[in-house]
Novice: 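Below are the structure tokens for one structure; questions will follow.
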Amino acid sequence: MESAARKSPKTCIICMKWGDAFGPDYVNLLYAAVQDHMSMDHDFICITDNAEGLKPGIKVVPLSFPQLERDLWVHGKWPKLLMFDREIVGEYDAALFLDLDLVVTGQLDPLLTIMLEKGGLYLMPKFRGLVWRMIPAVIRDRIPWFMNKVTRGNSSIVGYVPAEQFHLFYDFDGAKDLPKYENDQNYISALATNRKCYPKNWCIGIIHLVYYWPFGLIFKKYKKRPKRPKIVIFNGAPTQMSCWMTASVIGDHAAAALMAGSNGSRTT
């Protein structure tokens with residue numbers, strides 16, 4: 001007799017909000033964008049010190065990070081290590097952490113299925129120097145060990161199998177690790193089990209879509225968006241919130257969330 005169907009993997013999307021840098025509309029918009037761009041069953045988790053204004057479908061986890069004094073949290077965004085807390089993600093087969101300053105532009109399922117198939121931890125690639133950026137993406141994407149050698153990870157996007165990475169939270173020692181690694185993404189890149197990078201054009205920065213000065217004075221403002229990106233991150237100005245109204249990739253849930261947010265106040 002044929003055995004029962006295998007149980008579907010349990011997955012989650014995680015974000016984090018503390019202080020007043022981002023208001024609840026950023027979380028709600030990300031939640032809506034995930035609904036529009038993910039077909040896998042999942043929980044959406046927000047780790048926060050203030051849940052006011054968050055949509056009912058969001059699973060709220062109170063933020064507590066006693067390993068480090070609060071005035072040191074911003075220096076390296078160390079509370080992000082809570083994404084590896086067994087109490088928060090221990091029940092999941094795969095997890096995907098997303099910063100709030102990004103736009104979802106494509107299907108998110110592949111960012112999770114790649115981990116379910118191969119294990120490990122995946123980061124957005126951050127190249128160590130200009131020379132490495134000049135290597136064609138087709139080469140970087142086809143040779144994963146090469147990608148890992150020439151990059152550090154960007155923790156704006158972190159996909160991982162929770163059971164393999166609990167040590168990143170429980171072994172953290174602020175007195176030792178903060179001066180040694182300086183920030184969370186260096187720490188994660190150095191100590192994660194089986195650390196890898198997503199294919200470069202899956203996750204790109206807005207800075208890769210504009211020309212560097214002074215070329216921006218000559219050429220058109222934006223380059224053509226690559227065909228494959230699933231996420232575009234925004235570092236500084238402009239924020240992704242200011243670009244949503246002209247984004248052709250916005251989905252129905254995200255559009256509704258954006259309109260609801262625009263009718264209320266926003267903390268920035």
Novice: Would you mind listing every ring-ring contact (aromatic ring centres under 6.0 Å, His included) that reaches into residues 81-111, with sequence neighbours excluded?
Specialist: Phe84-Tyr160
Novice: Working to the nearest 0.5 angstrom, can you tell me the gap between Ile13 CD1 and Cys46 SG?
Specialist: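 The distance works out to 13.0 Å.
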Novice: Tell me, do Ile14 and Phe44 make a side-chain contact under 4.5 Å, heavy atoms counted?
Specialist: no
Novice: For Asp49, enumerate each residue passing the salt bridge (Lys or Arg N to Asp or Glu O under 4.0 Å) test, keeping only those at least two apart in sequence or located in another chain.
Specialist: Arg70
Novice: Hey, are the side chains of Thr105 and His37 touching, using non-hydrogen atoms and a 4.5 Å cut-off?
Specialist: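 No; the side chains remain at least 4.5 Å from each other.
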Novice: Could you pull out all residues at least two apart from Trp78 that satisfy ring-ring contact (aromatic ring centres under 6.0 Å, His included)?
Specialist: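 Scan of Trp78 (ring-ring contact (aromatic ring centres under 6.0 Å, His included), adjacent residues dropped) gives Phe172, Tyr187.
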Novice: Run the side-chain contact (heavy atoms from CB on, under 4.5 Å) check on Cys15 and Tyr31 step by step: do they pass?
Specialist: CA-CA 9 Å; Cys15 68; Tyr31 171 61; over 6 Å; no
Novice: What distance separates Asp25 CG from Leu100 CG, expressed to the nearest 0.5 Å?
Specialist: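 Rounded to the nearest 0.5 Å, the CG-CG separation comes to 10.0 Å.
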Novice: CG of Leu98 to CE of Met124: how many Å apart, nearest 0.5 Å?
Specialist: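 Between Leu98 CG and Met124 CE, I get 12.0 Å after rounding to 0.5 Å.
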Novice: How close do Val27 and Lys17 get, heavy atom to heavy atom, and via which atoms?
Specialist: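 For Val27 versus Lys17, the nearest heavy atoms are CG2-CD, 3.8 Å.
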Novice: Looking at side-chain heavy atoms only, is the closest gap between Glu52 and Pro24 below 4.5 Å?
Specialist: no
Novice: For Phe169 and Phe65, take the angle between the two ring planes, folded into 0 to 90°, and tell me which bin it lands in: parallel under 30, tilted 30 to 60, perpendicular over 60.
Specialist: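 Aromatic pair Phe169/Phe65 classed tilted.
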Novice: State whether the number of non-hydrogen atoms from other residues, nucleotides or ligands found under 6.0 Å of Asp41 atom CG is greater than 12.
Specialist: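 Not buried by this count: 12 neighbours or fewer within 6.0 Å.
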Novice: Residues two or more places apart in sequence or in another chain: which of them pass side-chain contact (heavy atoms from CB on, under 4.5 Å) with Asn194?
Specialist: Lys196
Novice: Considering all heavy atoms of both residues, which atom of Ser155 and which atom of Leu123 are nearest to each other, and what is their separation?
Specialist: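 Heavy atoms only, the tightest pair is CA-CD2, 4.2 Å.
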Novice: So do Trp202 and Leu111 actually touch side chain to side chain, heavy atoms under 4.5 Å?
Specialist: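 The answer is yes, as the side chains (C-beta and beyond) meet within the 4.5 Å cut-off.
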Novice: Would Asp93 and Thr11 count as a side-chain contact (heavy atoms from CB on, under 4.5 Å) here? Give the steps.
Specialist: CA-CA 6 Å; Asp93 300 301; Thr11 66; 5.5 Å; no
Novice: Could you work out, with side-chain contact (heavy atoms from CB on, under 4.5 Å) as the rule, every residue matching Thr193, not counting sequence neighbours?
Specialist: Gln165, His167
Novice: Rounded to the nearest 0.5 Å, how far apart are CD1 of Ile231 and OG of Ser156?
Specialist: 9.5 Å
Novice: For Asn50, which residues count as a side-chain hydrogen bond (donor to acceptor under 3.5 Å, both in side chains) partner, sequence neighbours excluded?
Specialist: none
Novice: Apply salt bridge (Lys or Arg N to Asp or Glu O under 4.0 Å) to Lys59 and list each qualifying residue two or more places apart in sequence or on a separate chain.
Specialist: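 For Lys59 the salt bridge (Lys or Arg N to Asp or Glu O under 4.0 Å) partners, ignoring immediate neighbours, are Glu91.
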Novice: Is any side-chain heavy atom of Ile157 closer than 4.5 Å to a side-chain heavy atom of Leu96?
Specialist: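 A side-chain contact under 4.5 Å exists here.
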Novice: With the side chain counted from C-beta on, respond yes when Leu121 and Val158 share a heavy-atom pair under 4.5 Å apart, and no when they do not.
Specialist: yes
Novice: Name all pairs fulfilling the salt bridge (Lys or Arg N to Asp or Glu O under 4.0 Å) condition that reach into residues 166-187, sequence neighbours left out, sorted by first residue then second.
Specialist: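 Sorted result for residues 166-187: empty, none.
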Novice: Please report the closest heavy-atom contact between Asp109 and Met40, naming both atoms and the distance.
Specialist: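 For Asp109 versus Met40, the nearest heavy atoms are OD2-CG, 2.9 Å.
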Novice: Measure the OG1-CD distance between Thr113 and Glu117 for me, rounded to the nearest 0.5 Å.
Specialist: 5.0 Å
Novice: How long is the span from the CG atom in Leu116 to the NZ atom in Lys10, to the nearest 0.5 Å?
Specialist: 14.0 Å
Novice: If the condition is side-chain contact (heavy atoms from CB on, under 4.5 Å), which residues does Val161 pass it with, not counting sequence neighbours?
Specialist: Met115, Glu164
Novice: For Ala190, give me all partners under side-chain contact (heavy atoms from CB on, under 4.5 Å), at least two apart in sequence or on another chain.
Specialist: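 side-chain contact (heavy atoms from CB on, under 4.5 Å) list for Ala190, sorted by chain: Tyr181.
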Novice: With respect to Ile58, which candidate in Ile45, Asn28, Asp43 satisfies the side chain to side chain contact (heavy atoms under 4.5 Å, CB included) definition?
Specialist: Asn28
Novice: Please determine whether side-chain contact (heavy atoms from CB on, under 4.5 Å) holds for the pair Leu63 and Thr48, giving the CA-CA distance in whole Å, both sets of side-chain angles, and the decisive distance to 0.1 Å.
Specialist: CA-CA 5 Å; Leu63 193 159; Thr48 183; 5.6 Å; no
Novice: Over all heavy atoms of both residues, which pair between Ser64 and Leu82 is shortest? Give the atoms and the distance, please.
Specialist: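 Shortest heavy-atom contact: O-CD2, 3.5 Å.
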Novice: To check you understand the geometry: which heavy-atom pair defines the closest contact between Ala51 and Val60, and what is its length?
Specialist: CB-CG1, 3.7 Å
Novice: Test: salt bridge (Lys or Arg N to Asp or Glu O under 4.0 Å). Region: residues 77-88. Which pairs qualify, not counting sequence neighbours?
Specialist: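 Pairs touching residues 77-88 that pass the test: Lys80-Asp99.
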Novice: Give me the atom names and distance for the closest heavy-atom approach of Met38 to Leu112.
Specialist: CE-CD1, 2.9 Å
